[in-house]
Amino acid sequence: MDKMIIQGGNRLQGDVRISGSKNAALPIVVSSLLVDGPCTYHNVPNLKDIESILLLLRDLGATVEKQGDTVHIDATGLNQFEASYELVRKMRASILVLGPLIARLKKARVSLPGGCAIGARPVNLHLKALSQLGVTIDIVHGYIEASVDKLKGNDVFFDMPTVTGTENLIMASVLAEGETILRNAAREPEIIALADVLNQMGADIGGAGSPIITIQGVPRLKPVTASIIPDRIETGTYMIASILTHGDVNITHCEPAHVGSLIHKLRLTGADITINDKSIRIKGPECIESTDIKTLPYPGFPTDMQAQFMVLMTIAKGQSIITETIFENRFIHVSELKRLGADITISSGNVAIVRGVDHLSGAPVMASDLRASACLVLAGLVAEGETMINRVYHLDRGYESIEKKMNSLGAKIQRAM
Ligand code: EPU
């Protein structure tokens with residue numbers, strides 16, 4: 001199993017290009033299931049999670065071709081309606097095929113995703129909302145068995161905003177009869193990106209990016225060519241890498257508007273941030289100031305940046321309070337950061353108190369999930385000596401060529417078996 005060995009203490013400097021967004025690409029490639037004919041997507045990131053979803057689409061009968069960052073998908077041959085436990089177990093986002101399968105084939109059998117390292121992550125809100133469109137749902141032997149005669153639009157309220165839940169419902173309702181209104185919908189940029197692609201296919205979706213999304217059903221969609229938006233979490237991760245190492249990094253091919261809450265917080269740490277059209281230049285301050293964060297649905301501070309931000313606070317001046325409100329178990333990185341010398345106390349489950357220390361010192365650590373792995377890479381960049389990260393396969397799920405990109409900025413990261 002791959003490991004990463006990082007020699008800390010190098011200042012990062014130069015340009016780094018951001019890849020396409022994993023969490024935008026996943027629902028967009030899945031939306032091809034709604035169309036007869038070839039769809040083409042550019043700027044698709046080269047990631048394990050993307051490989052997994054493409055494998056699932058092939059399994060369902062779609063033709064899939066990948067050349068570099070371009071993917072061609074033709075779901076004319078869609079003939080299977082089952083997403084197996086094997087595939088869903090590897091990647092929870094496989095649940096995204098549920099909506100399109102019901103819309104196209106009127107039935108679906110999708111393994112119920114289990115919990116994962118960061119929380120229980122139920123899909124009850126997806127299922128409740130789908131049932132309001134007329135879908136009959138049973139849980140049988142660990143599978144969601146869903147069927148419908150005719151999908152009918154309805155007024156649907158989500159008890160809490162769910163990203164993939166909102167995406168599933170949008171994809172189920174674009175071909176439904178009549179109007180669907182999704183209230184308390186998720187507002188993430190990935191929702192807007194999906195709605196944009198579906199509208200280009202001929203769907204009629206309004207309000208994406210706001211809590212109320214309105215979908216007028218259409219009889220059919222047509223093939224498209226589209227490009228995937230930049231990855232805002234990869235962008236944020238490189239921003240923090242620059243500050244941590246007192247560096248000067250120019251992040252290119254990104255969307256500054258998608259990292260607004262993060263830019264606000266990073267400026268409070270003393271970072272010098274210059275925003276251009278599609279790039280962000282970020283210089284680390286001599287002394288990093290501490291500041292508090294609380295994760296919230298977009299446009300609040302993203303839970304997917306919480307672990308990386310915590311690393312920054314471990315070497316900041318003073319004390320920071322980090323509150324995680326989205327997932328109940330997203331502090332697994334804390335014990336690993338403590339092995340590197342961080343001073344962190346968890347109080348009341350979802351609140352971490354981080355007291356800045358002079359320096360971190362390298363040690364072997366274990367990656368537990370994607371963003372926790374990124375946080376350990378960041379910690380390794382500033383820890384004195386060598387940090388060895390075990391189980392780096394998590395990183396390959398969501399960060400394209402991370403060691404190559406970091407090394408091109410001056411980091412010293414080596415992959416080993
Ligand atoms: N929730 C429920 N019931 C549901 C659905 C969600 O209780 O039916 C709860 C969740 O347990 C959680 C909250 O609602 O407490 C929000 O979860 P959400 O459904 O929004 O998360 P998701 O759609 O499963 C996506 C991203 C995650 C990201 C979260 C939050 C994708 C493929 N995944 O997950 O990304 O953390 O939104 O922003 O878009 C990552 O990339 O590392 C990652 C975990």
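Each ligand, and each atom within it, is numbered from 1 in the order the structure gives. Every heavy atom of this structure was used, including side-chain atoms; hydrogens, water molecules and symmetry mates were not.
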| task | Just need the protein heavy atom nearest to atom 3 (N) of ligand 1, so name the residue and atom and give the distance. | result | Asn124 OD1, 2.7 Å
| said: Distance under 4.0 Å to a non-hydrogen atom of Ile326: what atoms of ligand 1 satisfy this? | reply: 12 (C), 15 (O), 16 (C)
| task | Distance to 0.1 Å, residue and atom name: give those for the protein heavy atom nearest to atom 33 (N) of ligand 1. | result | Asn23 ND2, 3.7 Å
| With Asn154, the side-chain contact (heavy atoms from CB on, under 4.5 Å) member among Leu182, Thr180, Leu133, Ile181 | Leu133
| field | Heavy atom of the protein closest to atom 7 (O) of ligand 1 (residue, atom name, distance) | value | Pro122 CG, 3.4 Å
| field | Polar side chain donor-acceptor pair, Ser19 to Lys405, under 3.5 angstrom | value | yes
| note | The answer for which part of Arg371 has a heavy atom under 4.0 Å from ligand 1 is side chain
| note | Heavy atoms of Ile389 and Val377 approach each other most closely as CD1-N, 3.5 Å
| request: Could you check which of Asp159, Thr162, Leu296 puts a non-hydrogen atom nearest to atom 19 (O) of ligand 1? | output: Thr162
| task | Kindly confirm or rule out an N or O of Glu328 lying under 3.5 angstrom from an N or O of ligand 1. | result | no
| query | Going through the checks in order, is the side-chain contact (heavy atoms from CB on, under 4.5 Å) test met by Met417 and Asp2? | reply | CA-CA 5 Å; Met417 290 296 281; Asp2 280 8; 3.1 Å; yes
| said: Looking only at side-chain N and O atoms, does Tyr143 offer a donor or acceptor that is under 3.5 Å from a partner on Ser84? | reply: no
| remark: Numbered in order shown, the ligand 1 atoms found under 4.0 Å of a heavy atom of Lys22 are 40 (C), 41 (O)
| Side chains of Thr237 and Tyr399: donor-acceptor distance under 3.5 Å anywhere? | yes
| said: Assess the residue pair Phe309 and Phe301 against the criterion (ring-ring contact (aromatic ring centres under 6.0 Å, His included)); give the C-alpha distance rounded to whole Å, side-chain angles, the decisive distance to 0.1 Å, and a yes or no. | reply: CA-CA 10 Å; Phe309 194 86; Phe301 191 95; 5.4 Å; yes
| message | Quick check on side chain to side chain donor-acceptor pair (under 3.5 Å): which of Lys338, Arg371, Gln306 does His333 satisfy it with? | response | Gln306
| said: Can you name the atoms of ligand 1, numbered from 1 with element, that are less than 4.0 Å from a heavy atom of His126? | reply: 8 (O)
| query | At what distance is the nearest protein heavy atom to atom 10 (C) of ligand 1, and which residue and atom is it? | reply | Phe327 CE2, 4.2 Å
| remark: Closest heavy-atom pair, Ser279 versus Thr252, reported as atoms and distance to 0.1 Å, is CB-CA, 4.0 Å
| Side-chain donor-acceptor pair under 3.5 Å between Ser21 and Arg232, yes or no? | no
| Looking at ligand 1, does any of its N/O atoms fall within less than 3.5 Å of an N/O of Leu125? | yes
| remark: for atom 13 (C) of ligand 1, nearest protein heavy atom and its distance come out as Met160 SD, 3.9 Å
| said: To check you understand the geometry: which heavy-atom pair defines the closest contact between His394 and Ser373, and what is its length? | reply: CB-OG, 3.3 Å
| query | Against heavy atoms of Thr303, which atoms of ligand 1 measure under 4.0 Å? | reply | 30 (C), 36 (O), 38 (O)
| Which atoms of ligand 1 are found less than 4.0 Å from any heavy atom of Leu370? | 42 (O)
| query | In the protein, what heavy atom is nearest to atom 22 (P) of ligand 1, and what distance, to one decimal place, separates them? | reply | Thr164 OG1, 3.5 Å
| said: Evaluate Asn329 against Arg121 for side-chain contact (heavy atoms from CB on, under 4.5 Å), listing each step before the verdict. | reply: CA-CA 10 Å; Asn329 196 27; Arg121 304 187 71 183; over 6 Å; no
| Any N or O of Glu167 that comes nearer than 3.5 Å to an N or O of ligand 1? | no
| Atoms of ligand 1 close to Asp304 [distance to a heavy atom under 4.0 angstrom, numbered from 1] | 27 (C), 28 (C), 35 (O), 36 (O), 40 (C), 41 (O), 42 (O), 43 (C), 44 (C)
| task | Consider every N or O of Glu188 and every N or O of ligand 1, then say whether any pair is closer than 3.5 Å. | result | no
| query | Can you tell me which residue and heavy atom of the protein come closest to atom 25 (C) of ligand 1, and the distance to 0.1 Å? | reply | Val163 CB, 3.9 Å
| request: Note the single closest protein heavy atom to atom 24 (O) of ligand 1, along with its residue, its atom name and the distance in Å. | output: Arg121 NH2, 3.0 Å
| query | Going by the order shown, which atoms of ligand 1 are within less than 4.0 Å of some heavy atom of Arg330? | reply | 36 (O), 42 (O), 44 (C)
| message | Please tell me whether Thr295 and Glu324 have a donor and an acceptor in their side chains that are separated by less than 3.5 angstrom. | response | yes
